Each structure stands twice: as structure tokens, then as C-alpha cells.
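Bear in mind that the values here come from a model prediction, so they are computed numbers and not experimental data. Letters go in sequence order (proteins before strands), and every chain restarts at 1.
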Protein chains: 2
Amino acid sequence: MAVSEAEAAVMEVLWRASPRSAEEILAEVGPAQGWQEGTVKSLLNRLLKKKAVKAEKDGRRYLYTPLLSREKYVSQESKGLLDRLFDGRVAPLVAHFSEQRKLSKKDIAELRKLLKELDDE
Amino acid sequence: MAVSEAEAAVMEVLWRASPRSAEEILAEVGPAQGWQEGTVKSLLNRLLKKKAVKAEKDGRRYLYTPLLSREKYVSQESKGLLDRLFDGRVAPLVAHFSEQRKLSKKDIAELRKLLKELDDE
DNA sequence: ATCGACAATTTACACGTGTAAACATTAATT
DNA sequence: AATTAATGTTTACACGTGTAAATTGTCGAT
């Protein structure tokens, strides 16, 4: 089963640094999302069921560590969107943003650099 | 409220050609998705509630037309992913696919062309 | 005017999600 | 040992989604 959006917010915390306790996770994500303690606990349990994180005992509490990597998660999400909307190809996606004038100077510069690097291989 | 994935499959049919009757939509999308008549009817009604399509009477049936454009839908979906996973910037997304070796020859060629065109403006 | 066919609208139901309270367990403190 | 504080586990509930059956409405043919 897929990691939901709220669950992903918890994963983001763990991807930044792990292992972490529920309390630490709450401290980092609670204020921003307006979440109570119970909410984070639930999300952690669902992530455990989904095998997206693991927990190891540390005294009276647990420390959580990601099992699903950010790379993998990002790949799945990106591929999903690409397949659904752009026939699985990257160029049309970029073209879309280009048409919407959503490419920043920085984006363009970075894309140029990227293509140049691909040349050198 | 957002157009869901199943609903989007119905929208795709209407984006290809409209207006269309429920029966026509079913004929086009039913087999591929394995959907019964009732399923398509439900999805159409939800799309009506969401103001994503409109219906005009044609004899004893209705003909449906998109109100939400594919452009707009694609923009929303893409922006959502970009903001959630790539800090709102396009270049990191492309870099991600590049690292995963998911850029086809064709993609690369098209991206080159795109950047060249941006130059000429 | 009634019946039948067809199409739309309503209702249904299981499951995931966002959100959290209630309850249980465990370790520390009195 | 009993109580309390901290933390984890279970239960809850409303809402959206995927899927479709049941019901209602309507036009055309007897």
C-alpha cells in the first residue's frame, strides 16, 4: 500500500535524520502541520504496518528509522505522475512548465548544465 | 475539491472529444478500466458536483462537456508534486530522472531543443 | 393512458486517510 | 509495593474514493 501525504510528512522528518523518537518527530512536524501527539503516533503506526519504517526499543520508547528511502519514494511518485499525465516521458513535462512560464532562470541554467554533463559521459 | 484518479480517466475521454454521452464514455473507458455502467454514471455525477464537467440535455440523455481544462488539471497535479518533492523547482526533478537513468534519447533531444528555443526569445 | 426501455439519480458499502481521544503498558519515584 | 508519568496501542469517526446496485424519471410505442 502507498505512503499517504500525511505519512510522507513524517517520513520527511526521518529522512532528514534518523533514528528519532515519536516525541522528536512531533516537535519537528507538529507545529508546522498543526498536529497533536496522537496524530503523529497514528501515522507512525500506519507506517510501521506498511513497512515504511522500523522501530527499535530504546528504554521506554521507540526510535524510528526509515525502511523506504526518499529516493525510492520520490521515484514512485514521480513515475506515477509522469505515466498518468505525460505518457511516461520527461520532456513533455518540462515543456509543460515552459509553456506555463514556470521555468525560473535558475531552472534553465541548471538544465543547461545537466545536459552538458550528459554530453561528457 | 480535487478530481480523483478514476474521475480523471473519465475526463481524459472528454478531453479527447466532447460533448459525449454517458454511453459513449462507457464504451471508450469501460473495457480498459473494467468498469460497469453504474461506475461511469457515478463518476460523472461526482464530476458534475465538482463543477469539472457540465451536462446539457439531448433528448432523453445528457451530453457532457469538460469545464476543467486538461491544461489546468495537469498544472495542478504537476505543481503539487513539484512543491511536495522538489521544492517547487523543475531542474531537480529532471536531475532525479537523470540519476535514475530514466531520460530517454528522445527526452534528451527534446530538452536540448526546448532550451535552444528559450534562447531565441 | 399504460407499459416498456433506457437513462439519470440515489443509495450502498468497504476501504484508506486525516485527525485524534481513550486505553494500556512500562519504567521511575515515593 | 503503589502511584504516577511517559509512551505506545487500540479504537473512533467523518470524509473521499472506487465500485456498483437499486430506484426513479422520461420518452416512445401500444
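- Taking atom CE on A:Met1 and atom P on C:dG18, their separation rounds to 13 Å, with Å as the unit.
- Taking 3.5 Å as the limit, the base of D:dT9 and the side chain of A:Arg46 contain no donor-acceptor pair of atoms between them.
- One atom, NZ of A:Lys41, and another, P of D:dA6, lie 12 Å apart when rounded to the nearest Å.
- Using a 4.0 Å heavy-atom cutoff across all strands shown, A:Ala55 reaches no nucleic acid atom at all.
- At least one donor-acceptor pair closer than 3.5 Å links the side chain of B:Lys50 to the backbone N or O of B:Ala2.
- Summarising the geometry, the separation between CG on A:Leu47 and P on C:dG18 is reported as 10 Å, rounded to the nearest angstrom.
- Residue order along DNA chain C, read from the 5' end via each residue's closest nucleotide, puts A:Gly38 first among A:Arg60 and A:Gly38.
- Separating the CG atom of B:Asn45 from the P atom of D:dT24 is a distance of 16 Å, rounded to the nearest angstrom.
- The side chain to side chain contact (heavy atoms under 4.5 Å, CB included) test with A:Leu63 is passed by exactly one of A:Arg20, A:Glu56, A:Lys57: A:Glu56.
- Taking atom CD of residue A:Glu7 and atom P of nucleotide C:dT19, one finds them 11 Å apart after rounding to whole Å.
- A sub-4.0 Å separation between OP1 or OP2 of C:dA20 and a side-chain N or O of A:Trp35 is absent.
- Distance B:Asp58 CG to D:dT26 P: 16 Å, rounded to the nearest Å.
- Residue contacts for B:Ser4: at a heavy-atom cut-off of 4.0 Å it reaches the sugar-phosphate backbone alone, with no base atom in range.
- Using a 4.0 Å heavy-atom criterion, one finds that B:Glu37 contacts no nucleic acid atom at all.
- Checking C:dA8, C:dT19, D:dT7 against every side-chain atom of A:Ser42, the shortest atom distance belongs to C:dT19.
- Classification of B:Arg112 and A:Asp119 as a salt-bridged pair holds, one side-chain N sitting under 4.0 Å from a carboxylate O.
- At a cut-off of 3.5 Å, with distance as the only test, no side-chain donor of A:His96 or B:Ser78 sits close to an acceptor on the other residue.
- We find that CG of B:Leu43 is positioned 13 Å from C1' of D:dG16, with the value rounded to whole Å.
- A:Lys50 comes within 4.0 angstrom of the backbone, heavy atoms only, and of no base.
- If you measure from atom NZ of B:Lys57 to atom C1' of C:dA8, you get 8 Å, rounded to the nearest angstrom.
- A:Leu67 and A:Val40 sit in two unconnected hydrophobic clusters of ILVMFWY residues. Membership requires side-chain heavy atoms under 4.5 Å apart, directly or through other members.
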